[in-house]
2 protein chains.
Amino acid sequence: MSKILNTVTIDVGARLRSVRTTFGVSQRELARRAGVTNGLISLIEQNRVSPSVSSLKKVLDGVPMSLAEFFTLDLSATPQAFFGIDELVELGNPDVSLRLVAAQRPSRQLTVLHERYVAGAATGEDMMAHRGEEAGVVIRGRIEVTVGGATRVLGPGEAYYFASQLPHRFRNVGRETCEIISACTPPTF
Amino acid sequence: MSKILNTVTIDVGARLRSVRTTFGVSQRELARRAGVTNGLISLIEQNRVSPSVSSLKKVLDGVPMSLAEFFTLDLSATPQAFFGIDELVELGNPDVSLRLVAAQRPSRQLTVLHERYVAGAATGEDMMAHRGEEAGVVIRGRIEVTVGGATRVLGPGEAYYFASQLPHRFRNVGRETCEIISACTPPTF
DNA sequence: TGCTCTTGTCTAAGATCCTAAACACCGTGA
DNA sequence: TCACGGTGTTTAGGATCTTAGACAAGAGCA
């Protein structure tokens with residue numbers, strides 16, 4: 001009776017094999033460093049077992065690589081690297097323009113936006129809250145940023161950084177259009 | 001004979017409990033969504049077992065959250081959110097200024113920099129290559145960007161996005177200072 | 001050819017994970 | 001007071017992971 005492979009679309013085996021060969025070590029050498037057996041590494045790489053987190057941690061310690069890095073790996077080839085102004089994808093509205101870098105890219109780890117708020121514009125009545133972290137630098141104009149109860153007006157060259165779980169809101173309280181370059185991870189768009 | 005807990009400094013249990021309570025679901029509800037038993041979730045949260053990757057994946061699918069996000073979680077409280085111009089930490093040199101947002105933050109997921117290249121400045125003779133992804137938007141001046149063999153000159157409003165493993169290099173080929181807001185993950189500073 | 005060293009794979013047996021079911025606790029309401 | 005529905009915990013046993021060791025295939029060398 002043949003086993004049903006537990007591939008679960010993560011393919012731990014392929015990732016591990018990729019990492020191991022990239023670092024140029026054999027199954028036995030990695031096993032020795034990690035304090036496990038070479039057979040286990042063979043089975044993991046074939047997806048014949050789904051290793052426990054503690055085993056996988058031990059194995060990766062031998063490389064070394066963190067679990068976070070391991071699961072964040074992108075196994076695909078690399079696509080378009082440069083983007084002209086009209087290749088940024090517009091996601092916002094006339095008042096709040098959000099122009100996304102590398103929107104076409106399949107599995108981004110990073111969202112970088114060129115944001116423009118016309119005078120008086122804001123990110124809506126409700127506070128936003130989602131996973132991840134975000135940061136940005138004001139390059140023109142002035143904007144009021146509210147994060148988890150705290151509010152501050154930021155001008156050109158000033159910056160913010162916060163965990164996105166905190167409720168947050170942006171509002172252009174100046175007279176001119178405000179521009180921000182922002183980044184967040186993991187990508188929300 | 002009492003068991004030795006396999007904590008391995010990751011504390012999967014605390015992470016899972018934190019995630020579950022943040023999303024406001026009970027062990028039984030999460031178990032139902034994930035297709036596992038509530039007992040397993042209890043055992044994992046107490047670090048009485050080190051779950052297999054496939055089990056942990058199933059559990060996180062019920063939240064939902066990816067394994068990469070899970071292992072990248074920061075369990076600490078949230079610190080300073082706003083940064084004045086002189087609170088950005090200078091990391092570069094007179095020719096290439098790199099001003100880092102939230103440098104003080106212990107475990108950032110994101111590096112955001114305000115970069116300034118004086119006319120003729122570049123990021124050194126050798127190409128750089130490290131893990132992760134990086135992206136940026138030019139806000140003033142013109143810069144020549146080389147990524148894995150390809151070269152392009154970018155001006156204000158134009159952008160780049162690439163995997164950091166690719167050898168890359170920046171060079172200001174214009175006459176005025178060039179400014180860029182850039183982001184990369186995982187953080188390299 | 002024959003020996004040696006390396007590689008990755010396979011297979012019992014032991015260790016650990018995971019399930020099913022029961023348990024104890026707490027708050028609510030009849 | 002008792003039942004009820006909710007919470008998280010515990011435990012025996014079946015399922016799966018992990019080990020120890022054997023196996024086969026390839027490369028280098030005498």
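Since the model is a prediction, treat every value here as computed from it, not as a measurement. Sequence lines set the chain letters: A, B, ... in the order given, protein chains first and strands last, and positions in each chain run from 1. Any value given below was found using the heavy atoms of this structure, including those in side chains, with hydrogens, waters and symmetry copies removed.
- When the P atom of dT10(D) is taken as reference, atom CD1 of Ile44(B) falls 15 Å away, rounded to whole Å.
- You won't find any donor-acceptor pair under 3.5 Å spanning the side chain of Arg28(B) and the base of dG6(D), going by distance alone.
- A 4.5 Å side-chain heavy-atom check between Arg20(B) and Gln27(B) finds at least one atom pair inside the cut-off.
- OP1 or OP2 of dC18(C) has at least one side-chain nitrogen or oxygen of Ser55(B) nearer than 4.0 Å.
- Counting non-hydrogen atoms under 4.0 angstrom, Thr37(B) reaches a base of the nucleic acid.
- Distances shown here put a side-chain N or O of Arg48(B) below 4.0 Å from the OP1 or OP2 atom of dT10(D).
- Atom CD in Glu45(B) sits roughly 13 Å away from atom P in dT7(D) (whole-Å rounding).
- Going from atom CD of Glu29(A) over to atom P of dG8(C) covers 11 Å, rounded to whole Å.
- Residue Gln27(A) places its side chain closer to dT9(C) than to any other of dG8(D), dT9(C), dT19(D).
- Taking side-chain N and O atoms only, Gln46(B) has no distance below 4.0 Å to OP1 or OP2 of dG8(D).
- Residue Asn38(B) places a side-chain atom within donor-acceptor reach of the base of dT9(D), judged by atom type and a 3.5 Å distance cut-off alone.
- Remark: P of dT18(D) and NZ of Lys58(A) are 8 Å apart, rounded to the nearest angstrom.
- Checking dC10(C), dT10(D), dC17(D) against every side-chain atom of Val49(A), the shortest atom distance belongs to dC17(D).
- Between the CD1 atom of Ile143(B) and the OH atom of Tyr117(B) there is a distance of 5.0 Å, given to the nearest 0.5 Å.
- For dC17(D), the OP1/OP2 oxygens have no side-chain nitrogen or oxygen of Ser52(A) closer than 4.0 Å.
- Rounded to whole angstrom, the span from the CG atom of Asn47(B) across to the P atom of dC18(C) amounts to 13 Å.
- In this structure, Arg20(B) does not reach the dT7(D) phosphate: none of its side-chain N or O atoms is under 4.0 Å from OP1 or OP2.
- One distance of note links CD1 of Ile139(A) with CD of Glu179(A); it measures 4.5 Å at 0.5 Å rounding.
- No donor-acceptor distance shorter than 3.5 angstrom exists from the side chain of Glu29(B) to the backbone of Ser26(B), with no hydrogens or angles considered.
- Although no hydrogens or angles enter the test, the distance criterion places a donor-acceptor pair under 3.5 Å between the side chain of Arg15(B) and the main chain of Phe70(B).
- The residue Leu43(A) sits close to a base: some heavy atom pair falls under 4.0 Å.
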